[in-house]
Structures are given as structure tokens and as C-alpha cells.
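Below is one structure, written out as C-alpha cells; comments come after it.
As the structure is a prediction and not an experimental result, all values here were calculated from the model.
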Amino acid sequence: FFPLDTIRTRLQVDKRPRSETLSVLSDMLSQEGWTSFYCGLKPVLVSLCCSNFVYFYTFNGLKLVLRRNQIGASSSKDLLMAVIAGVVNVLTTTPLWVANMRLRLQGSRLSSPHADSKLSSRSVPYYGLLDALSRIYREEGFKGLWSSTIPSLLLVSNPAVQFMVYESFKRRVLL
């Protein structure tokens with residue numbers, strides 16, 4: 001599915017009409033080669049591991065606190081714990097996702113005059129996740145690393161609801 005996500009990302013940044021998906025696919029293949037569909041896969045996998053660790057560690061830590069304090073589980077408590085875990089995840093891993101997006105799009109041949117030049121036409125490419133993180137911080141500061149925090153915080157609701165439903169089903173099945 002990663003190649004499809006890469007194409008989706010290009011379409012979002014490139015500003016071509018949505019009907020030109022096959023054109024983007026063809027251009028990527030002819031101008032950048034088949035490896036362009038997997039550009040940035042390694043840092044994405046590293047970031048996913050970090051993100052999932054933070055989320056699950058926080059969520060399960062909060063469940064343990066409730067259990068130790070002999071507070072009963074409920075759907076509303078599951079939702080609250082999932083929201084808190086999501087917020088902690090976003091606040092700690094947003095820099096990884098900012099760096100990932102820059103890594104995935106560097107060297108891209110974007111056709112839109114409105115495409116962000118920071119993404120596609122860097123004179124010196126990033127050489128990996130740590131290099132991207134340090135250079136974004138040096139060149140853009142703290143604000144650059146957390147540039148997508150607000151929209152990401154709004155998206156916390158989706159996994160929070162999923163975890164609430166999952167925990168509710170799990171309690172019903174195990175009881």
C-alpha cells in the first residue's frame with residue numbers, strides 16, 4: 001500500500017486535477033523510476049514504531065493506573081484514555097512525521113507552480129531521518145518541527161473512538 005500512499009501524497013502536494021492520477025503515476029515512473037514509489041519507506045517504518053510505542057505505552061499505562069486505583073473500566077474512560085494517549089503521541093512524534101514528509105518528497109518533480117519549494121527543490125538533500133530532524137530545527141527552529149501539530153491533534157478523535165469500541169468489545173467477550 002505504500003506506493004499508493006506515495007501517489008496520494010504527490011497528488012495532495014502537486015495540485016494537479018484529481019483526474020490526472022495516472023499521469024502522476026506515469027511521470028513518477030518515467031522521470032524518477034520505480035524506486036520513487038518507495039521513497040522514504042525506512043523512516044516511515046521507524047516513525048510508525050515510535051508512534052505506536054508511545055500510543056500503546058501511554059494507553060496501557062493509563063489503564064494500569066485506573067486498575068491500581070480500583071476505578072472500574074467504562075467506554076467513557078476508554079475514550080478519555082485513548083484521547084490522552086493520542087495527544088501524547090502527537091506531541092512527541094510530530095517532528096518525526098514532519099521530517100518523513102520532507103524525506104518522501106525531496107527530489108520530486110512537482111509540476112505545480114504552487115508546490116512548496118522546501119519539499120522538492122532542496123540544493124542539499126536530507127540524508128536520513130536524524131539529518132532531516134536536525135536540519136529542520138537549525139533552519140526553521142522549533143516551530144518547523146511541530147508545524148502540523150494542530151491538524152494532527154484534531155485527528156486524534158478517530159483512533160480514540162476505535163480504541164473505545166475495541167476495549168468495549170473486548171470487555172464483553174472476556175466477561
Side-chain angles (χ1 to χ4, degrees), residues 1-16 18 20-61 82-112 114-160 162-163 166:
F1 292 108
F2 194 77
L4 295 175
D5 190 50
T6 301
I7 294 167
R8 178 184 56 91
T9 301
R10 294 283 182 98
L11 284 167
Q12 289 173 343
V13 174
D14 204 347
K15 307 286 189 219
R16 292 184 196 198
R18 296 294 179 242
E20 293 188 32
T21 302
L22 291 177
S23 174
V24 169
L25 180 97
S26 175
D27 289 349
M28 284 176 66
L29 194 56
S30 66
Q31 295 173 8
E32 301 171 47
W34 67 270
T35 58
S36 65
F37 296 109
Y38 295 93
C39 182
L41 179 60
K42 183 180 175 184
V44 165
L45 293 175
V46 169
S47 298
L48 275 171
C49 288
C50 292
S51 187
N52 285 332
F53 172 79
V54 169
Y55 188 88
F56 287 109
Y57 187 84
T58 305
F59 185 81
N60 287 309
V83 167
I84 293 169
V87 168
V88 169
N89 180 36
V90 166
L91 294 177
T92 57
T93 64
T94 292
L96 295 173
W97 296 112
V98 169
N100 267 297
M101 188 57 64
R102 303 278 180 92
L103 284 163
R104 286 181 72 185
L105 292 173
Q106 73 180 353
S108 304
R109 292 182 177 90
L110 304 175
S111 67
S112 173
H114 305 292
D116 190 342
S117 62
K118 287 187 283 189
L119 299 175
S120 61
S121 61
R122 296 196 57 81
S123 57
V124 180
Y126 298 120
Y127 294 109
L129 190 58
L130 293 177
D131 181 51
L133 287 166
S134 65
R135 286 185 41 206
I136 292 168
Y137 178 73
R138 269 196 324 267
E139 295 169 10
E140 301 171 44
F142 183 80
K143 193 174 181 179
L145 287 172
W146 274 270
S147 61
S148 61
T149 302
I150 300 299
S152 296
L153 286 171
L154 296 174
L155 294 173
V156 162
S157 60
N158 182 26
Q162 289 177 3
F163 263 83
Y166 169 75

If I take atom [atom1] from residue [X] and atom [atom2] from residue [Y], how far apart are they, to the nearest 0.5 angstrom?
X      : Y      : atom1 : atom2 : answer
Thr6   : Leu105 : OG1   : CG    : 8.5 Å
Gln162 : Asn158 : CD    : CG    : 4.5 Å
Ile136 : Met101 : CD1   : CE    : 11.5 Å
Thr35  : Leu41  : OG1   : CG    : 12.0 Å
Asp131 : Arg138 : CG    : CZ    : 7.0 Å

I'd like to know if the side chain of [X] and the backbone of [Y] have a donor-acceptor N/O pair within less than 3.5 Å.
X     : Y     : answer
Asn60 : Phe56 : yes
Thr58 : Val54 : yes
Thr9  : Asp5  : yes

Report the C-alpha separation of Leu96 and Cys50 in whole Å, then their side-chain angles, then the decisive distance to 0.1 Å, and conclude whether the side-chain contact (heavy atoms from CB on, under 4.5 Å) test is met. CA-CA 9 Å; Leu96 295 173; Cys50 292; 3.8 Å; yes
Please find the pair of heavy atoms, one from [X] and one from [Y], that lie closest to each other, and give the distance.
X      : Y      : result
Pro43  : Leu103 : CG-CD1, 3.7 Å
Ala132 : Ala99  : CB-CB, 3.8 Å
Gly86  : Tyr55  : N-CE1, 3.4 Å
Ser36  : Gly33  : OG-O, 2.7 Å
Leu129 : Ser47  : CD2-OG, 4.0 Å

With a sphere of 6.0 Å drawn around CG of Leu130, does it hold more than 12 non-hydrogen atoms of other residues, nucleotides or ligands? no
Please, which pairs that meet ring-ring contact (aromatic ring centres under 6.0 Å, His included) have at least one residue in residues 33-54, sequence neighbours excluded? Phe53-Tyr57
Can you tell whether the side chains of Asp27 and Arg10 come within less than 4.0 Å, N to carboxylate O? no
Tell me which donor-acceptor pairs under 3.5 Å the side chains of residues 143-151 have, and how far apart each pair is, sequence neighbours excluded?
{"from": "Trp146", "atom 1": "NE1", "to": "Leu91", "atom 2": "O", "distance (Å)": "3.0"}
{"from": "Ser147", "atom 1": "OG", "to": "Gly144", "atom 2": "O", "distance (Å)": "3.3"}
{"from": "Thr149", "atom 1": "OG1", "to": "Trp146", "atom 2": "O", "distance (Å)": "2.8"}

Might you work through the side-chain contact (heavy atoms from CB on, under 4.5 Å) test for Val44 and Phe2, ending with a clear yes or no? CA-CA 10 Å; Val44 165; Phe2 194 77; 4.0 Å; yes
